[in-house]
Amino acid sequence: MRRVKRFVQTKKRETEAQIAKQGNGRPPDELLVHMLEGRLEAYKLLAEYLDRLEEGDVLLNGSASAFSPQG
């Protein structure tokens with residue numbers, strides 16, 4: 001579970017950096033920015049969902065991982 005969360009957080013940061021880079025110097029590509037914003041929203045929702053999954057697992061099982069003891 002930790003690996004999945006780390007992956008989602010990494011992709012979220014990369015997407016935020018791509019959006020920020022679009023505003024530097026030249027006029028932004030509107031379609032690309034729109035697509036990146038949609039991707040960022042999806043990563044945010046995924047991160048929230050994974051947090052809820054983990055919280056639910058902790059409440060039910062007392063474990064910090066919803067999928068395996070290793071995370």
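Residues take their numbers from the sequence shown, with the count starting at 1.
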K.L.:
Flag the pair Asp51 / Lys5 as yes when at least one side-chain heavy-atom distance between them is below 4.5 Å, and no otherwise.
P.N.:
yes
K.L.:
Nearest 0.5 Å, what's the CD-OG1 distance between Glu14 and Thr10?
P.N.:
6.5 Å
K.L.:
If you define the side chain from C-beta out and look only at heavy atoms, does anything of Arg39 sit under 4.5 Å from Gln18?
P.N.:
yes
K.L.:
Heavy atoms, side chains only, cut-off 4.5 Å: are Gln9 and Arg6 in contact?
P.N.:
no
K.L.:
Does the side chain of Leu53 reach to within under 4.5 Å of the side chain of Tyr49, using non-hydrogen atoms?
P.N.:
yes
K.L.:
Taking salt bridge (Lys or Arg N to Asp or Glu O under 4.0 Å) as the test, write out the residues that go with Lys44, two or more places apart.
P.N.:
none
K.L.:
Between NZ of Lys11 and CG of Leu46, what distance do you get to the nearest 0.5 Å?
P.N.:
12.5 Å
K.L.:
List the atom of Tyr43, the atom of Val8, and the distance in Å for their closest heavy-atom pair.
P.N.:
O-CG1, 3.5 Å
K.L.:
Please determine if Glu16 and Arg13 form a salt bridge, counting it only when a charged side-chain N lies under 4.0 Å from a carboxylate O.
P.N.:
no
K.L.:
Does Met35 sit in a hydrophobic cluster with other residues, and if so which ones, taking ILVMFWY side chains as linked at heavy-atom separations under 4.5 Å, directly or through other members?
P.N.:
Ile19, Leu32, Leu36, Leu40
K.L.:
My understanding is that only residues two or more places apart in sequence, or in another chain, count here; which of them pass salt bridge (Lys or Arg N to Asp or Glu O under 4.0 Å) with Glu41?
P.N.:
none
